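Encoded as structure tokens, the structure appears first; notes follow it.
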Amino acid sequence: MPQTKRRQVSGKTMSDVSLIVQYSVGSPPLILHRRSALTNWQLIEEMAKLFRAVIMGPPGSGKGTISERIAHSFGLKHLSSGDFVRENIAAKTEAGVQAKTYIKKGLLVPDHVMTRLLLPRLVEMTKYSWLLDGFPRTLAQAEALNSACDLDVAINLNIPLETLKERLRHRWIHPPSGRVYNMCFNPPRVQGIDDITGEPLIQQEDDRPEALVARLRHYKDVAKPVIDFYKAKGILYTFSDTETDRIWPNISTLLSTKIPAIQTDARCASTH
Ligand SMILES: Nc1ncnc2c1ncn2[C@@H]1O[C@H](COP(=O)(O)OP(=O)(O)OP(=O)(O)O)[C@@H](O)[C@H]1O
Ligand SMILES: Nc1nc2c(ncn2[C@@H]2O[C@H](COP(=O)(O)OP(=O)(O)O)[C@@H](O)[C@H]2O)c(=O)[nH]1
């Protein structure tokens, strides 16, 4: 698992060896004394509780930007539904071919195609902690996800309409990778050019203010039941502000209380 680096301390016998488990980048390492190899390995597997979260919010609310910060600071895998869709389209999988027909028309991919495309990818991630960005967008997707795994946290970004319009007016993307820039907030090194590949950036048609109002109306309709679903589960955390840099410390504080809490539980278990 990416945030859980295990290494054995050398120079000791197998029955005496300690394991150092680091749950997240920068977190204090948890040292486990290995009295009996088999039982403690089993214990460690149980203790290595994985962290699973989703991030929701309207277009332009900063899901991608904040997900990158979370992934970087807490060592979680950032799973983007948009990236999965693009990968499947590029690989011409059956779900990818179907998804492409909807995306070309500027539509959301239907739930059954989206879950067929995404859930197998989550199965590949069973050993990792992750943050899922862009899924679920509908109640049907939230229910499908719920039957596949237990979530620890659902982050909900609540950003004023005028801020969304302003951000998307300045959003430029690199379509093959999904990399996102903003001419004010995080501009590319050379205007209109992707930093990594040197390829041209584009502005999406549906980031125009006229298109955004319709997208937002649709978002509100489909997101409300998802938000209610996570609220009822007691895992919903909503953040409201106009600036990512002001939201970020609050999200960071929330996650640092959640991720070490798992570590503390594990430490208790190791002493019994
Ligand atoms: N959970 C989903 N359900 C349905 N369609 C999806 C989902 N996730 C992605 N898609 C499809 O893939 C496309 C690209 O997704 P991506 O999240 O990268 O961009 P987006 O829709 O412009 O999101 P945002 O503006 O919120 O960043 C979407 O426009 C949509 O057609
Ligand atoms: N001005 C400004 N732009 C931001 C801020 N946070 C994110 N952005 C930009 O706003 C746009 C939308 O952010 P993004 O992360 O793509 O949002 P998403 O659609 O929810 O994934 C991108 O161009 C970001 O670079 C912010 O606090 N201020």
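In listed order, ligands and their atoms are each counted from 1. Sequential numbering from 1 along the given sequence is applied to the chain's residues. None of these values were measured; they are calculated from a predicted model.
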Number the atoms of ligand 2 from 1 as they appear, then name those within less than 4.0 Å of a heavy atom of S61, with their elements. 17 (O), 20 (O)
Are Q98 and R116 close enough that a side-chain donor and a side-chain acceptor fall under 3.5 Å? yes
Show your working on side-chain hydrogen bond (donor to acceptor under 3.5 Å, both in side chains) between S80 and D133 and close with a plain yes or no. CA-CA 5 Å; S80 150; D133 158 19; 4.6 Å; no
Test of understanding: given a 4.0 Å heavy-atom threshold, classify the contact between R171 and ligand 1 as side chain, backbone, both, or neither. side chain
Using 4.0 Å as the upper bound for N to carboxylate O, is an ion pair formed by K233 and D228? no
Should P58 be listed as contacting ligand 2, given a heavy-atom distance under 4.0 Å as the test? yes
What do the steps show when you test Y230 against N156 for side-chain hydrogen bond (donor to acceptor under 3.5 Å, both in side chains), and what is the final call? CA-CA 10 Å; Y230 289 132; N156 178 34; over 6 Å; no
Using a distance-only test with no angle check, is there a side-chain donor-acceptor pair under 3.5 angstrom linking D194 and T197? yes
From K63, R179, H170 - option closest to atom 20 (O) of ligand 2 by heavy atom: K63
Note: ligand 1 atoms sitting under 4.0 Å from heavy atoms of L108 are 4 (C), 5 (N), 30 (C), 31 (O)
What do you reckon, does G60 have a nitrogen or oxygen under 3.5 Å from a nitrogen or oxygen of ligand 2? yes
Purely on distance, is any nitrogen or oxygen of G62 under 3.5 Å from one on ligand 2? yes
Give the atom numbers and elements of ligand 1 that come within less than 4.0 Å of a heavy atom of S81. 7 (C), 8 (N), 9 (C)
Which residue holds the protein heavy atom closest to atom 1 (N) of ligand 2, what is that atom called, and what is the gap in Å? F185 CB, 3.7 Å
Protein non-hydrogen atom below 4.0 angstrom of atom 15 (O) of ligand 1 present: yes
Hey, is ligand 2 close enough to D245 that some N/O pair sits below 3.5 Å? no
Ignoring hydrogens and angles, tell me if any N or O in the side chain of Y128 forms a donor-acceptor pair with the backbone of L76 under 3.5 Å. no
Q141 heavy atoms, cut-off 4.0 Å: which ligand 1 atoms fall inside? 1 (N), 2 (C), 3 (N), 4 (C)
Please report whether ligand 2 has a polar contact with T65, defined as an N or O pair separated by less than 3.5 Å (distance criterion only). yes
Please confirm whether G57 approaches ligand 2 to less than 4.0 Å, judged on its heavy atoms. no
What atoms in ligand 1 come closer than 4.0 Å to a heavy atom of G134? 1 (N), 2 (C), 7 (C), 8 (N)
Number the atoms of ligand 1 from 1 as they appear, then name those within less than 4.0 Å of a heavy atom of K63, with their elements. 26 (O)
Could you say whether the N/O atoms of D133 and ligand 2 ever approach to under 3.5 Å? no
Return the minimal non-hydrogen interatomic distance between Y102 and L108, and the atom names on each side. CB-O, 3.8 Å
For T244, is at least one N or O under 3.5 Å away from an N or O on ligand 2? yes
Can an N or O of W172 be found at a distance shorter than 3.5 Å from an N or O of ligand 2? no
Starting from atom 16 (O) of ligand 2, locate the nearest protein heavy atom and write down its residue, its atom name and how far away it is, to 0.1 Å. R171 NH1, 3.0 Å
Lys/Arg N to Asp/Glu carboxylate O, R179 vs D195, below 4.0 Å: no
Measure across N182 and R167 and return the closest heavy-atom pair with its distance rounded to 0.1 Å. ND2-O, 3.2 Å
Taking only heavy atoms of I103 into account, list the atoms of ligand 1 that are under 4.0 Å away from them. 12 (O), 13 (C), 31 (O)
Atom 21 (O) of ligand 2 sits nearest the protein heavy atom G64 N, 3.0 Å
Give me the nearest non-hydrogen protein atom to atom 22 (C) of ligand 2 as residue plus atom name, then the distance to 0.1 Å. V180 CG1, 3.4 Å
For atom 2 (C) of ligand 1, which candidate among Q204, R215, M114 provides the closest heavy atom? M114
In terms of heavy-atom contacts, M125 and K77 come closest through SD-CD, 3.5 Å
Atoms of ligand 2 less than 4.0 Å from E243 heavy atoms? 26 (C), 27 (O), 28 (N)
Do NZ/NE/NH1/NH2 and the carboxylate oxygens of R246 and D241 come within less than 4.0 Å? yes
The closest protein heavy-atom partner of atom 23 (O) of ligand 2 is Y181 O, 2.9 Å
For I193, is there any backbone N or O sitting under 3.5 Å from a side-chain donor or acceptor partner on E199? no
Kindly confirm or rule out an N or O of L168 lying under 3.5 angstrom from an N or O of ligand 2. no
Note: ligand 1 atoms sitting under 4.0 Å from heavy atoms of L107 are 31 (O)
